[in-house]
Amino acid sequence: MQVLVIGSGGREHALVWKLAQSNLATKIFCAPGNGGISQLAECIPIKADDIAGLVEFARKERVSFTIVGPEAPLSAGIVDEFGKQGLNVFGPNKKAAQMEASKVFSKALMHKYNVPTAAFEVFDSAGPAKQYIEKIGAPCVVKADGLAAGKGVVVAQTVDEAREAVVSMMENRAFGEAGSRVIVEECLQGQEASILVFTDSKEVIPLVSSQDHKRVFDNDKGPNTGGMGAYSPAPVVTRGLFQEILEKVIYRTIDGLLKEGITYKGVLYAGIMITKDGPKTLEFNVRFGDPETQAILPRMKSDLLEVMLAASNQTLSKVIRAGGIRWDNRACACVVCAAGGYPGEYDKGLIITGLEEAAKIKDTVVFHAGTVKAQDKYLTNGGRVLGVTGLGRAIKDSVGKAYEAVGKIHFDGMHYRRDIGAKAIKDKERT
Ligand code: AMP
Ligand code: GLY
């Protein structure tokens with residue numbers, strides 16, 4: 001069948017790379033894709049948010065199945081629009097995508113269905129939000145309700161910082177309408193982990209656990225980014241904790257949505273803080289994580305396309321009866337190579353060298369995020385440029401592999417964290 005993947009990041013390269021291994025896929029298109037993706041799929045110059053253009057393309061080219069990578073088109077209702085045309089698509093519909101598009105919606109659902117999360121209050125004007133901050137004191141967390149490209153959360157260490165966040169979001173509208181409502185919530189302490197599951201709203205098949213690195217510099221210093229690296233599994237999520245997260249977070253959420261008349265199909269991503277009082281939900285995403293996907297999919301042995309089709313067709317029970325998803329026991333780590341200046345301003349169009357040498361290293365894959373192919377060269381074309389991924393027996397080995405490949409790669413200004421997986425390696429040594 002002909003498959004269309006929507007998006008242009010490292011996550012989409014990992015998806016296309018894995019889908020290309022499926023016997024079911026005869027041709028893969030990617031809109032708009034990137035330099036690396038263009039080696040595996042036909043890249044189509046249609047933007048991920050051009051829903052009408054994408055519907056038209058899928059109809060014209062007889063695309064049998066479309067996979068949506070980023071959250072913006074999902075929140076804008078791309079799944080509903082494809083559905084109206086009888087086109088099969090992987091991802092939640094517009095109502096279900098509110099789990100990411102509106103933090104107020106997802107917190108209210110968590111509250112109603114007893115999903116563990118930080119204590120919170122919702123505000124639709126700045127005055128009462130500031131008063132509440134005075135009352136609870138710092139640290140506390142201020143969140144814009146709507147989508148803000150990962151920048152709408154401020155973990156404030158002081159009351160002033162929290163008040164400033166409210167002013168920026170609500171009064172100065174730093175994120176436009178996304179800041180018309182804010183949440184002020186309790187600051188949780190602990191280690192974070194990402195739990196992703198496939199669901200068709202009736203059945204759930206979890207993926208392996210993973211952990212992201214959001215801050216730009218080593219030791220979790222500097223501003224937040226889209227993610228500077230990831231590893232899988234996350235040893236902090238023990239077998240018992242994994243089960244607890246499934247029961248208290250995932251099942252309650254999907255059942256809760258169903259009770260609200262919302263059928264959730266696709267992948268559901270729960271950001272979890274492992275606190276001393278147990279796992280608590282930080283956020284939901286309605287799509288694969290980036291760069292978690294780059295650390296998860298190399299471990300997947302089963303056919304990704306088959307599982308995705310089953311999620312969309314509500315036949316995941318068949319996949320479960322056939323033994324579920326098979327995973328490689330090895331660990332996987334992804335190190336993001338970013339452009340100089342990222343997450344602030346950065347240049348584009350710089351030549352990337354060493355990709356061929358890196359490709360020769362066994363058990364590594366270089367996923368492209370912000371690249372473009374120009375004749376026979378790859379140029380930088382974004383903030384996060386590459387996701388260099390390694391597989392190894394333990395996390396330490398997978399990290400070693402990834403850094404070995406990173407060592408071959410160069411572009412002017414390239415920077416990356418040198419401590420990907422360090423926490424997990426330390427935890428392992430302690431036990
Ligand atoms: P979110 O988009 O809600 O996941 O927030 C982005 C990041 O902010 C999370 O990955 C956490 O590192 C942090 N964060 C969010 N909510 C809280 C909280 N209640 N307590 C502590 N940190 C938080
Ligand atoms: N890695 C975090 C995210 O995809 O939102």
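In listed order, ligands and their atoms are each counted from 1.
Atom 17 (C) of ligand 1 has its closest protein heavy atom at Leu282 CD2, 3.4 Å. With hydrogens left out, the protein atom closest to atom 19 (N) of ligand 1 is Glu185 OE2, 2.7 Å, a heavy atom. Counting protein heavy atoms only, atom 5 (O) of ligand 2 is closest to Arg287 NH2, 2.9 Å. Looking only at heavy atoms of the protein, atom 13 (C) of ligand 1 is closest to Val155 CG2, 3.8 Å. The nearest heavy-atom contact from the protein to atom 2 (O) of ligand 1 is Glu283 OE1, 3.1 Å.
Below 4.0 Å from some heavy atom of Lys214 lie the following atoms of ligand 1, by number and element: 10 (O). The atoms of ligand 1 that sit less than 4.0 Å from any heavy atom of Glu192 are 9 (C), 10 (O), 11 (C), 12 (O). Which parts of ligand 1 touch Val141 is read off a 4.0 Å heavy-atom cut-off, strictly below it: atoms 16 (N), 17 (C), 18 (C), 19 (N), 20 (N). Close contacts of ligand 1 with Glu186, meaning ligand atoms under 4.0 Å from a residue heavy atom, involve 18 (C), 19 (N), 20 (N). Atoms of ligand 1 found under 4.0 Å from any heavy atom of Ala118, numbered from 1 in the order shown, are 19 (N). Listed by number with element, the atoms of ligand 2 under 4.0 Å from a non-hydrogen atom of Gly289 are 4 (O). Close contacts of ligand 1 with Lys103, meaning ligand atoms under 4.0 Å from a residue heavy atom, involve 1 (P), 2 (O), 3 (O). Each of the atoms 1 (N), 2 (C) of ligand 2 lies under 4.0 Å from some heavy atom of Asp212. Near Tyr269, meaning under 4.0 Å from any of its heavy atoms, are these atoms of ligand 2: 1 (N), 2 (C), 3 (C).
Using a cut-off of 4.0 Å between Lys/Arg side-chain N and Asp/Glu carboxylate O, Glu404 and Lys408 are scored as not salt-bridged. Using a cutoff of 4.0 Å between basic side-chain nitrogens and carboxylate oxygens, Asp220 and Arg417 are scored as salt-bridged. Using a cut-off of 4.0 Å between Lys/Arg side-chain N and Asp/Glu carboxylate O, Lys143 and Glu283 are scored as not salt-bridged. Comment: Asp49 does not engage Lys47 in a salt bridge, judged by the lack of any side-chain N to carboxylate O separation of less than 4.0 angstrom.
Polar contact with ligand 2: present for Glu292 (N/O pair, distance under 3.5 Å). At a 3.5 angstrom cut-off on N or O pairs, Glu283 does not count as close to ligand 2.
Two residues are said to be in side-chain contact when any heavy atoms from C-beta on lie closer than 4.5 Å; Cys332 and Gln294 fail this criterion. In this structure, Glu292 and Leu207 have side chains that are not in contact, with every pair of non-hydrogen atoms separated by 4.5 Å or more. Looking at heavy atoms from C-beta onward, Gln211 lies in side-chain contact with Gln191 at the 4.5 angstrom threshold.
Side chain of Ser168 to backbone of Ala174: no donor-acceptor contact under 3.5 angstrom is found. Tyr403 places a side-chain N or O within donor-acceptor distance of the main-chain N or O of Ile420, the cut-off being under 3.5 Å. In terms of modelled atom types and a separation under 3.5 Å, the side chain of Thr275 and the main chain of Gly190 share no donor-acceptor contact. With hydrogens and angles disregarded, no donor-acceptor distance shorter than 3.5 Å links the side chain of Gln243 to the backbone of Gly240.
With a 4.0 Å heavy-atom cut-off, ligand 2 is reached by no atom of Arg11. Under 4.0 angstrom from ligand 1, the non-hydrogen atoms of Val153 all belong to its side chain. Contact annotation for Leu188 and ligand 1: heavy atoms of both the backbone and the side chain come within less than 4.0 Å of the ligand. Of all the heavy atoms of Lys143, the ones lying under 4.0 Å from any atom of ligand 1 belong exclusively to the side chain.
Residue-ligand proximity: Cys187 is placed with a non-hydrogen atom under 4.0 Å from ligand 1.
We find the OG-CG distance between Ser210 and Leu196 to be 6.0 Å, quoted to the nearest 0.5 Å.
Cation-pi check for Arg418 over Tyr416 is met; the charged atom lies under 6.0 angstrom from the ring centroid and within 45 degrees of its normal.
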